There are 2 protein chains.
Amino acid sequence: MDRIDTCLIALRRILRAAETYGKELAQSAGMTPVQLRVVQIVAETGSSTAGAIARRMHVAPATITAIIDKLERAGHVSREQSRTDRRQTHIVLTERGRNALDRAPDALQQKFATDFEGLEDWEQAMIVAVLERVASMLDRTETQRGAVLYPGEL
Amino acid sequence: MDRIDTCLIALRRILRAAETYGKELAQSAGMTPVQLRVVQIVAETGSSTAGAIARRMHVAPATITAIIDKLERAGHVSREQSRTDRRQTHIVLTERGRNALDRAPDALQQKFATDFEGLEDWEQAMIVAVLERVASMLDRTETQRGAVLYPGEL
DNA sequence: TGTGTTATTTAGCATTACGAACTAAATGAG
DNA sequence: CTCATTTAGTTCGTAATGCTAAATAACACA
């Protein structure tokens, strides 16, 4: 078997695993993967505007509106009008949202972290180097093409 | 920065790159990523039944029916009733479908393959080893849990 | 023959996502 | 200060993907 094929197959396995974990994860948090992703962003940033979330997720504002609607109805987040610019809406995490987040540790992350810690030091170092290498091989284009860099993207 | 964090960030970059490429790819083929995935499977296997595609994609049969409907309407594939078992429907690629496929080289694959070939031999070997390692760290559970292995899955 | 199993489709629903059109608020030119 | 423009978010209509449950058709075997 070709080395490239082996790599691509491994990459697909990784992608599929991520998807699977995403679903599990969402189930234990009581929301869908996308909704959870939004909640994670809000939690991470303290409070984001709708537009900032949309840009960060590379998604149209209308899409975020719909997702926030559902999260708000479920009581996970709430909308707060900005005082400095009343066009803006700040999305903030509610108590309930924070609880859901605590109940939903990222399964992929956990699994990987556990296994990773059991490895030899040199093995860890090798994995770090390779993953970074592969990531930059794959996503380099995006920044090279001059795509807009969004606030909080890094 | 923590090694684990570095890995996870790299993994997310890889996931996002894959998504981006998937969209590009599908666009040049004139169909959605999922539809293209079905067409690829059909092309690869010569002719699959609807059920086989569903199992391979880990998706409910009803979902495949809907996708095949669209692909058939667009003239990319056609349905043919099996002669040996008339409950089965064989999905076959049309001329038009094959053309679309030719027009859509897998962007991720291309990009990766190009870069990969430019690397030193030892570097290639290391990448192969690490990706396989990470893949098995992440997707091991699935087989361990005794999930059904689907025909053509390997 | 009849009963049970298997393959696919139909129907109805939820989620994600988009673009276009709209409202409200801020900003800038004159 | 006023009017035009831009920006932020929402609403509306549409499409794709995915599910479950129920229907339909064909096979299989006792």
Side-chain angles (χ1 to χ4, degrees), chain A residues 16 19-20 22-27 29-39 41-42 47-74 76-92 148 150-151, chain B residues 16 19-20 22-27 29-39 41-42 47-74 76-92 148 150-151:
Chain A
R16 234 183 57 193
E19 208 174 295
T20 304
K23 278 179 194 161
E24 267 177 39
L25 156 65
Q27 206 163 23
M31 52 184 107
T32 69
V34 178
Q35 288 169 9
L36 183 66
R37 182 83 191 96
V38 170
V39 170
I41 288 173
V42 172
S47 122
S48 283
T49 63
I53 297 173
R55 284 189 297 274
R56 174 131 176 210
M57 289 180 68
H58 294 270
V59 138
T63 304
I64 292 300
T65 296
I67 294 168
I68 300 292
D69 282 349
K70 273 172 203 128
L71 285 172
E72 196 176 29
R73 229 175 294 139
H76 290 123
V77 303
S78 67
R79 286 180 161 99
E80 275 182 22
Q81 207 178 41
S82 166
R83 257 166 258 179
T84 57
D85 182 342
R86 284 183 308 177
R87 289 170 306 178
Q88 293 186 329
T89 316
H90 291 292
I91 312 301
V92 299
V148 188
Y150 298 109
Chain B
R16 230 184 61 192
E19 208 174 295
T20 304
K23 278 179 193 161
E24 267 178 39
L25 157 67
Q27 204 164 24
M31 54 185 108
T32 69
V34 178
Q35 288 169 7
L36 183 65
R37 181 84 190 94
V38 170
V39 170
I41 288 173
V42 171
S47 122
S48 282
T49 63
I53 297 173
R55 284 189 297 273
R56 177 134 175 206
M57 290 180 67
H58 294 270
V59 138
T63 304
I64 293 299
T65 296
I67 295 169
I68 300 293
D69 283 350
K70 274 169 204 133
L71 286 173
E72 197 177 26
R73 229 176 295 138
H76 290 124
V77 303
S78 67
R79 285 177 161 102
E80 276 183 20
Q81 207 178 40
S82 166
R83 260 166 252 181
T84 57
D85 181 343
R86 283 183 309 177
R87 289 169 307 178
Q88 294 185 330
T89 315
H90 291 292
I91 312 301
V92 299
V148 189
Y150 299 109

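In what follows, every chain begins at residue 1, and chains take the letters A, B, ... in the order their sequences are listed. Since the model is a prediction, treat every value here as computed from it, not as a measurement.
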Subject >> A:R37 CZ to C:dA17 C1', straight-line distance once rounded to whole Å >> reply: 17 Å

**OP:** May I have the distance from A:I68 (atom CD1) to D:dA8 (atom P), rounded to whole angstrom?
**Re:** 16 Å

Subject >> Least distance between heavy atoms, B:I91 atom then B:A50 atom >> reply: CG1-N, 4.3 Å

Subject >> Side chain proximity check, B:T89 to B:T49, heavy atoms < 4.5 angstrom >> reply: no

**OP:** Would you mind reading off the distance between A:K70 atom NZ and D:dT10 atom P, rounded to a whole angstrom?
**Re:** 14 Å

**OP:** With heavy atoms under 4.0 Å as the rule, sort A:A66 into base, sugar-phosphate or nothing.
**Re:** nothing

Original post:
Are any non-hydrogen side-chain atoms of A:S47 and A:V92 less than 4.5 angstrom apart?
Top reply: yes

**OP:** Return the value, rounded to whole Å, for the distance between atom CE of B:M31 and atom P of D:dA15.
**Re:** 19 Å

Original post:
Of the nucleotides D:dT17, C:dT16, D:dT10, which has the atom closest to the A:T32 side chain?
Top reply: C:dT16

Original post:
Can you tell me if the side-chain N/O atoms of B:T63 get under 4.0 Å from OP1 or OP2 in D:dG18?
Top reply: no

Subject >> Non-hydrogen side-chain atoms of A:D69 and A:R79 separated by less than 4.5 Å >> reply: yes

Subject >> side chain to side chain contact (heavy atoms under 4.5 Å, CB included) partners for B:R83, two or more places apart >> reply: none

Original post:
Nearest-Å distance, CD1 (B:I53) to P (D:dT17)?
Top reply: 14 Å

Original post:
Expressed in angstrom and rounded to an integer, what is the separation of A:I67 atom CD1 from C:dC18 atom P?
Top reply: 9 Å

**OP:** Starting from C1' on C:dT16, measure out to NE2 on A:H58 and report it in whole angstrom.
**Re:** 17 Å

Per-pair distances, 0.1 Å, donor-acceptor, side chain in residues 31-38 of chain A, under 3.5 Å, sequence neighbours excluded:
{"unit_1": "A:T32", "atom_1": "OG1", "unit_2": "A:Q35", "atom_2": "N", "d": "3.2"}
{"unit_1": "A:Q35", "atom_1": "OE1", "unit_2": "A:T32", "atom_2": "N", "d": "3.4"}

**OP:** Identify whether any heavy atom of A:A62 sits under 4.0 Å from a base atom; if not, whether one sits that close to sugar-phosphate; answer base, sugar-phosphate or nothing.
**Re:** base

Original post:
Which of the following nucleotides, C:dT16, D:dT10, C:dT10, is nearest to the side chain of A:P61?
Top reply: D:dT10

Original post:
Quick one: does A:Q88's side chain get under 4.5 Å of A:Q81's, heavy atoms only?
Top reply: no

**OP:** With a 4.0 Å heavy-atom cut-off, tell me which residues in residues 76-91 of chain A come close to DNA chain C, sorted by residue number.
**Re:** A:D85, A:R86, A:R87

Original post:
Given atom CD1 of A:I64 and atom C1' of D:dT11, what is their separation to the nearest angstrom?
Top reply: 16 Å

Original post:
Reckon A:A50 touches a base, only the sugar-phosphate, or nothing at all at heavy-atom distances under 4.0 Å?
Top reply: sugar-phosphate

